[in-house]
Amino acid sequence: MITVQNLTAGYGKLEILQDLSLSFAHGQFSAVLGPNGSGKSTLMKAIMGLNTVFGGAIALNGRELIGSATEAISALGIAYVPQRENIFDELTVRENLQLGMRRRPREQRASALQETLEIFPILGRRGSQRAGLLSGGEHQMLAIAIAWLGAPTLMLLDEPSAGLAPAVATDVFRSLQDLRGRGITLIVVEQNARRILRYCDYAFVLREGRLAFEGSAEACLQDEETIKGYLGVH
Amino acid sequence: MPPALLTTSLVNTLQIGSLYALMALGITLTFSVMKLPNFAHAEFVSAGAYAALIISLAGVLNPLLIMAAAFVIGALAALLSHLLVFKPLEQRQVSFYTLILASFAIGLILRYLLFLLADSFNLFDLRIAIPLRILFRQDSLILSNLFAWAVPTSLLLVFLLTLLLNRSPLGREMRALANNPSLARVIGIPVERVKNATWLIVGGLAGVAGALWGMQTAVNPLMGWAAIISVFAAAILGGLSSFSGTILGAYVVAFSENTIMLFLNYSFSLDLAYKPAIPFIIIIAVLLIRPQGFSALLRRGGDLKR
Amino acid sequence: MIHLDIGATVIAVMTLFGIYSLMSISLNLEYGVAGLPNFGQALFISIGAYTAGLTYTRLLPLLAGAEAIHPCGPTMGQALQLRSEIMAAQPVAGFFNLGATFLLAALIAGAVGFGVSYVTLRLKEEWFLALVLLVGGETVRILVRGADDLICSHNGISSIAQPFYFIGEPRSSALLFMLLTLALALLAYLYSQRLLHSPYGRMLKGLRENEAVTRGLGKGISLARAQIMLIGSVIAAIAGVLFALNTGFVNTNDYVVTLTLDVWVMVVLGGIGNNRGAVLGAAMIAILDRATQVAAIALNMGGSPIEFNYVRYIVYGIILLLMLRYRPQGLLPESRLTTRAHEMVKRLLAQAADAVPAATARAKPMQPTKLEAGAAPLLKLTHLRKDFGGLRALHDVSLTVPEGAIIGLIGPNGSGKSTLINLVAGAETITGGQVHFNGEDISGLSADAVFHKGILRGYQEPALYFKMTVLDNLLLPIPNQIGEKPWRAPLRRSWEAQESANAEAAMEALRQVQLLPHYDTLASDLSGGQMKLLEIARAMMGAPKLLLLDEPTAGVAPALAYEIFQHIARLRAEAGVTFLIVEHRLEILFDFVDYVYALHLGKLLAAGDAAAIAADATVREVYFGD
């Protein structure tokens with residue numbers, strides 16, 4: 001679905017991704033793993049046009065994305081959930097959800113909202129609360145719900161489990177699995193590898209801005225080299 | 001302080017406070033959504049007042065039509081300022097002070113264009129030509145038909161604006177843009193359209209405030225600028241972010257300028273010439289002691305916050 | 001056709017030019033150099049003018065041995081007559097009065113400028129200063145107009161003769177007054193040029209560009225800013241005195257916001273941050289002012305009723321907008337090579353090239369060395385805690401950093417590493433626990449105070465002064481610079497020797513990271529790797545005992561990352577610096593560190609030497625998963 005070819009990207013003058021090539025398959029729940037600084041978030045931001053691309057190509061179903069504005073890229077059906085500031089914290093939960101539906105045709109909105117509350121039942125109970133007052137897990141669910149309401153075909157999530165207690169993180173990953181079941185392609189950046197590998201289908205491991213491993217989640221779990229790669233010891 | 005004087009000053013507070021609220025809400029809106037303290041706001045008020053004056057001199061005496069003209073001119077001035085000046089500057093990501101300076105420059109140009117207009121057609125210090133009828137008179141308290149028009153209208157507009165902001169899809173998008181601009185872009189809010197709409201509303205309401213003001217006192221090119229400090233004081237009391245805080249702030253400023261000043265004058269024979277110091281004291285005090293103003297106090301789901 | 005007196009016009013324009021230059025130099029120091037938005041320039045100019053109004057009506061008669069007559073109301077004519085007589089007959093009294101006016105105006109304006117900015121610049125947002133000065137200026141004006149006795153309220157005080165009135169012949173006295181004005185303007189220009197080229201100017205430019213970093217480099221920024229506001233206010237007040245003497249009367253209507261905007265037009269037109277630009281802007285506005293006046297007279301005679309002041313303001317507004325939009329740097333942009341140190345380095349480099357051709361001495365790569373056992377603790381954290389709202393970012397973390405050690409701090413995202421650095425560096429407030437440095441409790445000290453204790457921090461994304469040269473970046477952090485005091489800065493001799501020594505030290509530091517050939521390059525023009533090296537070199541110029549580094553190798557190629565750590569090892573060996581390093585590139589870090597602390601979810605998870613941490617099962621778990 002998304003093909004990245006020889007991508008070199010970073011911030012300002014810093015090149016974080018080095019000549020990276022990989023591709024994400026349609027309908028799959030893929031995880032991008034790797035230690036801090038390995039370029040996971042940089043990859044996401046490069047797809048969304050949010051940082052500097054020095055060279056290479058990123059294609060969505062054959063359509064080149066590099067050079068397009070972020071709004072144009074998200075209008076193609078890619079939803080991006082950044083790690084922070086991913087909700088409107090001064091607005092109510094309900095207003096957040098309504099804003100998320102901006103791209104849906106009017107007649108679909110009621111059913112889409114209904115479906116969202118089925119996936120994230122907790123949000124229904126928090127409807128009139130200010131979103132900034134949600135707990136960490138609820139916050140992430142709301143962010144994911146906003147993104148999903150935009151009717152994307154592909155969702156990119158940047159460390160949705162960061163700072164969450166293990167049980168809550170598991171809830172978040174379960175709801176992502178649910179979304180995959182509803183036909184969404186998912187790409188999730190995670191640092192905590194073992195947890196997400198229980199839920200995702202496929203994994204990419206980055207190191208020093210390059211692809212160190214790719215394969216199914218099971219294969220990744222059994223790969224000792226990957227574990228070592230995290231700590232940088234051999 | 002004699003009760004009659006108190007009543008008069010309270011009526012003034014209500015009257016001036018409503019006008020301040022109408023103007024200060026515009027300041028708060030532009031600051032929240034556009035991240036810009038817009039000093040040209042004063043001249044949107046004056047431009048609206050002149051539009052109202054001219055159309056009334058041309059024989060249109062229906063207050064609704066007069067206000068509509070003021071709204072259109074104020075809204076146009078604001079939209080043009082945005083499209084010709086602020087938007088290109090924002091795209092170049094200029095510093096905050098450059099934007100403030102640009103707003104001063106726009107205000108300067110508008111103000112002296114109005115001076116030129118007033119000079120050419122001798123339009124200094126005229127009242128909008130709606131015939132004045134006294135509805136109520138007792139001691140120093142005089143209530144005219146214009147008062148009966150202006151106060152409910154400004155209150156109604158403030159109410160409608162609050163409703164628009166808190167209940168309509170456009171208001172929701174404006175608040176979303178104020179709260180998290182990058183997420184607003186990502187989820188497909190048409191940011192430029194929302195900004196244009198914000199400018200139209202802000203400028204239009206400033207224009208109407210000018211018309212209502214001109215019905216009660218007189219129109220001159222400096223009228224907006226003369227009120228801008230009080231209006232900023234009101235907006236700062238609202239923490240430049242809270243809608244309800246700004247409205248409350250407007251009445252607090254008007255109350256201090258009228259009732260409290262009169263009380264100090266009456267009880268301690270403080271010269272009324274010191275009245276302009278009041279908004280200054282309010283601004284300094286708020287910035288030093290409580291820069292968030294009333295905003296944290298009144299924070300609810302519907303408030304604007306940077 | 002009107003008769004145009006060329007001589008008188010030239011004198012008038014030149015006088016105006018002198019006064020305007022003072023105003024624009026003042027604003028350029030405040031805004032252009034130090035980045036302080038003074039939207040109350042009219043206030044400071046008016047302080048000068050009102051002071052003149054007071055002294056010429058109250059003090060002058062006393063100096064001349066006469067009795068002061070109340071200048072307003074029925075005795076106005078009499079008072080005016082008395083003033084003219086004194087100014088015509090007693091030039092000495094006139095000059096004394098002028099001197100007293102300058103002094104008084106400078107004192108009042110300086111106190112107001114210093115006081116207002118010292119208070120206001122501590123406020124939540126910096127632009128509040130702009131608001132306070134703007135509103136303050138307007139309020140003072142309205143109050144002065146209302147206060148009857150001060151300058152006769154609405155009417156103002158007219159007929160304030162200029163000091164050379166006694167000569168009698170108008171042309172000569174105007175010429176002398178012009179010379180006085182130009183001389184004062186020249187003085188202000190030379191003074192501000194000296195400031196700009198001094199270490200004080202460098203510090204102000206640093207403040208303008210990055211406040212947090214400058215604070216972390218030990219500069220007391222509130223004071224520095226209040227000082228430059230004081231200097232600017234004094235110059236503006238002197239301009240105000242001359243302005244009142246030149247127009248001949250003091251009226252509140254002259255000191256409205258439009259005057260402030262006039263001065264802004266001059267600075268924006270000429271070039272922000274460049275004194276020459278400020279003077280050029282002043283010249284252009286002086287000529288434009290006079291030209292519009294002449295045109296107004298000419299056109300009025302032709303029967304056109306248009307008020308030219310209106311057109312003038314409209315034109316100025318348009319000039320301002322066009323400049324901001326199309327040429328924001330002004331007609332004469334700011335020079336990047338301002339401080340004297342560049343000339344010194346250039347000279348030294350030339351000498352070196354003569355003496356030892358191609359001296360490309362490069363620091364010898366330093367291989368990892370290890371700490372000797374038994375070093376005393378330099379930094380000690382006890383139960384350090386930090387809450388953000390309801391979120392606990394750091395839970396009771398206790399650790400020690402021995403003197404001379406290289407200590408690694410690792411942990412996944414959000415584990416609290418950067419928070420820990422921020423707490424030690426004084427960039428954030430501590431919720432609980434203590435930080436001891438060298439046996440002294442430094443918890444709760446501000447960032448600049450922490451610097452002076454000997455702690456310096458780096459940033460994850462290079463936080464350089466990108467609009468300053470490599471050399472200025474290195475020189476700024478040096479503590480105790482004589483030339484950073486505003487009263488010493490203009491006296492070049494007092495700081496030149498120190499600056500020269502500092503420049504040599506900076507050259508040595510640059511040579512070691514191979515940046516010497518780039519000493520006069522803007523930091524923004526360096527490559528990403530060079531920026532990282534420059535940041536470490538800059539930190540070293542602050543002569544820290546402890547250097548806190550936050551991911552020094554983030555975003556650089558592996559080979560360079562290794563080189564950066566070699567520099568760290570060298571600095572430890574040569575300068576005895578202790579390091580606490582947050583790093584994700586564990587394979588490099590582990591080669592160099594003496595000891596590693598691992599954080600997870602704000603708690604200390606493990607501690608040990610590199611081999612122990614690498615083998616630690618819990619560390620593996622948090623990095624890879626549970």
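Just so we're clear, the structure is a prediction, and the values are computed from it rather than from any experiment. Just so you know, these numbers use all the heavy atoms, side chains as well, and skip hydrogens, waters and symmetry mates.
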| Which heavy atom of G317(C) sits nearest a heavy atom of A105(B), and at what distance? | O-CB, 3.8 Å
| task | Measure up the Y310(C) and F115(B) rings against each other and bin them: parallel (under 30°), tilted (30 to 60°), perpendicular (over 60°). | result | parallel
| Shortest non-hydrogen separation from Y97(B) to G35(C) and the atoms involved | CE1-O, 4.0 Å
| task | Can you see which heavy atom on A277(B) is nearest to which on L143(C), and at what distance? | result | CB-CD1, 4.0 Å
| field | Nearest non-hydrogen partners of P276(B) and I142(C), listed with the distance | value | CG-CG2, 3.1 Å
| What residues of residues 82-95 of chain B sit under 4.5 Å from chain C when only non-hydrogen atoms are counted? | V85(B), P88(B), L89(B), R92(B), S95(B)
| task | Answer yes or no: is there a side-chain heavy-atom contact under 4.5 Å between L134(C) and F39(B)? | result | yes
| message | Atom OH of residue position Y266(B) - does it have more than 12 heavy atoms of other residues, nucleotides or ligands inside 6.0 Å? | response | no
| request: Could you tell me whether the side chain of I281(B) reaches within less than 4.5 Å of the side chain of T139(C), counting heavy atoms only? | output: no
| task | For each of I106(B), I109(B), I284(B), tally heavy-atom pairs with chain C at distances under 4.5 Å, and name the one with the top tally. | result | I109(B)
| said: Tell me if the centroids of the rings in F39(C) and F104(B) come within less than 6.0 Å of each other. | reply: yes
| request: With the side chain counted from C-beta on, respond yes when T258(C) and R111(B) share a heavy-atom pair under 4.5 Å apart, and no when they do not. | output: yes
| request: Tell me, for L324(C) versus chain B, whether the close heavy atoms (under 4.5 Å) come from the side chain, the backbone, both or neither. | output: both
| note | Comparing L101(B), T98(B), L108(B), I283(B) against chain C, the one with the most heavy-atom pairs below 4.5 Å turns out to be L101(B)
| chain B contact via L131(C) - which portion, at a heavy-atom distance below 4.5 Å | side chain
| So which part of I229(B) gets closer than 4.5 Å to some heavy atom of chain C, the side chain, the backbone, both or neither? | side chain
| Looking at the rings of W127(C) and F96(B), which for Trp means the six-membered one, are their centres under 6.0 Å apart? | yes
| chain C contact via I236(B) - which portion, at a heavy-atom distance below 4.5 Å | side chain
| Any residue meeting side chain to side chain donor-acceptor pair (under 3.5 Å) with Y274(B), in chain and number order, not counting sequence neighbours | none
| request: May I ask you to check whether over 12 heavy atoms, not counting those of Y251(B), lie within 6.0 Å of atom OH? | output: yes
| Sequence neighbours excluded, which residues qualify as side chain to side chain donor-acceptor pair (under 3.5 Å) partners of S81(B)? | none
| said: Taking side chain as everything from C-beta outward and backbone as N, CA, C, O, which of these in V268(C) sits under 4.5 Å from a heavy atom of chain B? Side chain, backbone, both or neither. | reply: side chain
| Which atoms of V265(C) come close to chain B, meaning under 4.5 Å heavy atom to heavy atom: side chain ones, backbone ones, both, or neither? | neither
| field | Pairs of heavy atoms under 4.5 Å with chain B: top-ranked of Y316(C), Y313(C), W264(C) | value | Y313(C)
| said: List the residues meeting side chain to side chain donor-acceptor pair (under 3.5 Å) with D262(C), not counting sequence neighbours, and say none if there are none. | reply: R312(C)
| said: Is I319(C) close to chain B through its backbone or its side chain, or both, or neither, when contacts mean heavy atoms under 4.5 Å? | reply: neither
| Side chain / backbone / both / neither for I318(C) at chain B, heavy atoms under 4.5 Å | both
| task | Please state whether the side chain, the backbone, both or neither of L113(B) comes within less than 4.5 Å of a heavy atom of chain C. | result | both
| field | Shortest non-hydrogen contact from V132(C) toward F280(B) | value | O-CE1, 3.8 Å
